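Given the structure is predicted, the values throughout are model-derived calculations rather than measurements. Atoms considered below: every heavy atom in the structure, side chains included; atoms not considered: hydrogens, waters and symmetry mates. First the proteins, then the strands, lettered A, B, ... as listed; each starts at 1.
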Amino acid sequence: MPIFHYIHQLKNCAKHHSIASTKQLHAHFNKLGLTQFIHLTNTLLNVYAKCNLLEDALQLFDEMPQRDHVSWATILTAQNQANLPNKTLSRFPSMFSLDRLLPDDFVFASLVKACGSLGAIKQGMQVHGNFLVSPFFDDDVVKSSLVDMYAKCGLPDNGRLVFDSIKSRNMASWTAMIYGYARKGRKEEALELFSMVPVKDLFAWTALISGLVQSGNAVDAFGLFVEMRRRGISIIDPLVLSSIVGASANLAMLELGKQVHGLVIRLGYESCVFISNALVDMYAKCSDILAAKDVFSRMSRRDVVSWTSMIIGAAQHGQAEEALSLYDKMVLNGVKPNEVTFVGLIYACSHVGLVNRGRELFKSMVEDHGIHPSLQHYTCLLDLLGRSGYLEEAETIINSMPFKPDEPTWAALLSACKQYGNGKMAIRFADHLLSLKPEEPSTYILLSNVYSSSGVWEHASKARHLLEALEVRKEPGYSYVYFGKESQTFYAGESSHPMKEEIFSLLNELGVEMKRRGYVPDTSWILHNTEHQEKERQLFWHSERLAVAYGLLKSVPGTIIRIVKNLRVCGDCHTVLKLISDIVKREIVVRDAKRYHHFKDGKCSCNDFW
DNA sequence: GTAGGGTTAG
């Protein structure tokens, strides 16, 4: 039978993902000694890759007596498609060392793509340089990939230089460039380019919208999504929906998220794994952990992202046991955890002080799963150890780990030193923290307190000065409360609200009852050098309290009051919200800049850890 | 026979 006939058969296998037939043909070729025909073997390689049988493809590739450019391009692309871009980059050097082959245009495109998905800009620029001095330097496909790579690496200006050199721009180059600007938050340039696109198809809209979501501009992303719908662009592919679900998550507006969920269902994409994943995450971020679990439980197929989203959701809402048991179920289901999964798991342990379990998971991550711990993993582990008083162990880890702790980690450890009365270590940690020039005002309070109590006055006053400088450019605190479709934003110290009187008297009323229950305002959270009474007054006007009072006055009795705050909730407000939840018998859910707090019956889901 | 754009978890 002629070779081209076999190639035709193989193409059919790829089209229908028929694994059995592919393997049968492979065996047949072996028997007839046809594998020497590189043309045929390359096709087989590609079919394995298209059927997601990377292992088979790799084995075949390694066994090939001879390989050409096509073999290399095929295997590198296969690794990209299997989401293993680092393997693409590590395999590439043997193209020359093993087979004495230089990259062609196809191979360049694969390498550029791998660099893009890794955000490996240094290697990306090297590849770019090699491409420019290669015979393929003018290839438009590689150039489009380069535009995309620079977009993903956050360097749209580098991308623009390449973009301008493309002779015949097609949709791929346009969308890559639009995405590059949008992702960097350069909305005007993105829109300008978008207006120039000859055909505004769903891809172009998606690039624009998803880029804006990723740059944190959820509001404009929504506006554009509505505009896209108005123009009758049919959503024939669900990817734009995951961006828009993500936008609702970022805004933490539950009602909006529910509407988007409704749209997802109407369009028939609810069973799409990555859409469901985005929904799980959205509900968790909107503090409706029950809805998140509901979506999760109805999924017919769950990948590592689904499980991880659910684990992190549970952990962030204070349900550590749930998070850990989800992990056990995940393993039982044969889903391999990745580095993000372990961030969620160790974080969960840290929340409830499960020191041993946390240590075990960290060890298992490295030893059983071969994952290199990142700074984030160390941060979670140090949090766990510090909180439970294992300060020496924490310090040993700091000295041996390949990263420097960040500001919040030093701050958490410093608090732990204070709590466990380790003054000497506190000074060591404080010095590290001070040298980082922290951004968080409460850090200076902490520093100042540590230095003062240890008699290091010079540093205590330095911390004060730095704080005063910081206070000037501090972002004002605000909170928004929402119920149904209504939402209302309150700024700290705001006293011009139309319902000011009602809010004021309700807070006063609650204050009387709180003091009756033993509440003493903790004014150490107020940073200014002011009189005690003035400090109390400032606490009183913190935005989250105004929002809660408004929520109590305006929402349907018995419903959950949901609040989103831009900064972290202060310690005193945390105490107050716990008390209020008990006094009025209402659940209050606050999402602050760091954590989720479910206040109910005088307790908080965060276990007073945030 | 091989390549380029839009997606989800921290």
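Residue A/L202 contributes atom CG, which lies 16 Å from atom P of B/dG5 at whole-angstrom precision. Atom NZ in A/K293 sits about 20 Å away from atom P in B/dA9, given to the nearest Å. Separating the CG atom of A/N83 from the P atom of B/dT7 is a distance of 13 Å, rounded to the nearest angstrom. As rounded to whole Å, 11 Å separates atom P of B/dG10 from atom NE2 of A/H317. Between the CZ atom of A/R301 and the C1' atom of B/dT8 there is a distance of 12 Å, rounded to whole Å. At whole-Å resolution of the value, NE2 in A/H69 and P in B/dA3 are 16 Å apart. Taking atom NE2 on A/H39 and atom P on B/dT2, their separation rounds to 8 Å, with Å as the unit. Regarding A/R67, its CZ atom lies at a distance of 19 Å from the P atom of B/dT2, rounded to whole Å.
Candidate nucleotides B/dG5, B/dT2, B/dA9 were compared by shortest atom distance to the side chain of A/D104, and B/dT2 ranks first. Among the nucleotides B/dT8, B/dG10, B/dA3, the one closest to the side chain of A/A278 is B/dT8. With B/dT2, B/dA9, B/dG6 as the choices, the nucleotide that has an atom nearest any side-chain atom of A/T206 turns out to be B/dG6.
Residue contacts for A/T308: at a heavy-atom cut-off of 4.0 Å it reaches a base atom on one of the strands shown. Base contact: A/D105 has a heavy atom under 4.0 Å from a base atom. Residue contacts for A/D201: at a heavy-atom cut-off of 4.0 Å it reaches a base atom on one of the strands shown. Backbone-only contact: A/Q214 has heavy atoms under 4.0 Å from sugar-phosphate atoms and none from a base. Within 4.0 Å of A/N80, counting heavy atoms only, lies no atom of the nucleic acid at all. Backbone-only engagement by A/Y179 is indicated by non-hydrogen atom pairs under 4.0 Å involving sugar-phosphate atoms exclusively. In this structure, A/K143 reaches neither bases nor backbone, as no heavy-atom distance under 4.0 Å exists between it and the strands shown.
Between B/dG6 and A/K152, a contact under 4.0 Å exists linking OP1 or OP2 to a side-chain N or O. Taking side-chain N and O atoms only, A/S210 has no distance below 4.0 Å to OP1 or OP2 of B/dG6. In this structure, A/N46 reaches the B/dT2 phosphate: one of its side-chain N or O atoms is under 4.0 Å from OP1 or OP2. Phosphate proximity of B/dT2 to A/K50: absent, as no side-chain N or O sits under 4.0 Å from OP1 or OP2.
Here the rule is salt bridge (Lys or Arg N to Asp or Glu O under 4.0 Å) with A/K143, and of A/D105, A/D138, A/D148, A/D164 only A/D138 fits it.
With hydrogens and angles left out, the side-chain atoms of A/N80 and A/T88 include a donor and acceptor closer than 3.5 Å. Counting only N and O atoms by type, the side chains of A/S306 and A/D303 include a donor and acceptor under 3.5 Å apart. Counted by atom type alone, A/D406 and A/T409 present one or more donor-acceptor pairs between their side chains at under 3.5 Å. Using a 3.5 Å distance cut-off with no hydrogens or angles, the side chains of A/Q59 and A/E63 do pair a donor with an acceptor. If you check the side chains of A/Y150 and A/R160, you find no donor sitting under 3.5 Å from an acceptor. Between the side chains of A/N338 and A/T341, a donor-acceptor pair is found at a separation under 3.5 Å.
Considering every non-hydrogen atom in both A/M125 and A/M149, the closest pair reads N-CE, 4.4 Å.
We find that the ring of A/F106 and the base of B/dA3 stack, their centres lying under 5.5 angstrom apart and their planes tilted less than 30°.
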Check step by step if ring-ring contact (aromatic ring centres under 6.0 Å, His included) holds for A/F29 and A/Y6. CA-CA 9 Å; A/F29 300 158; A/Y6 287 124; 5.1 Å; yes
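Each of A/K113 and A/G246 has a nearest nucleotide on DNA chain B; the 5'-most of these lies closest to A/K113.
The stretch residues 162-177 of chain A comes close to DNA chain B through A/N170, A/M171, A/A172, A/T175, each having a heavy atom under 4.0 Å from the strand.
You'll find a donor-acceptor pair under 3.5 Å spanning the side chain of A/S144 and the base of B/dG4, going by distance alone.
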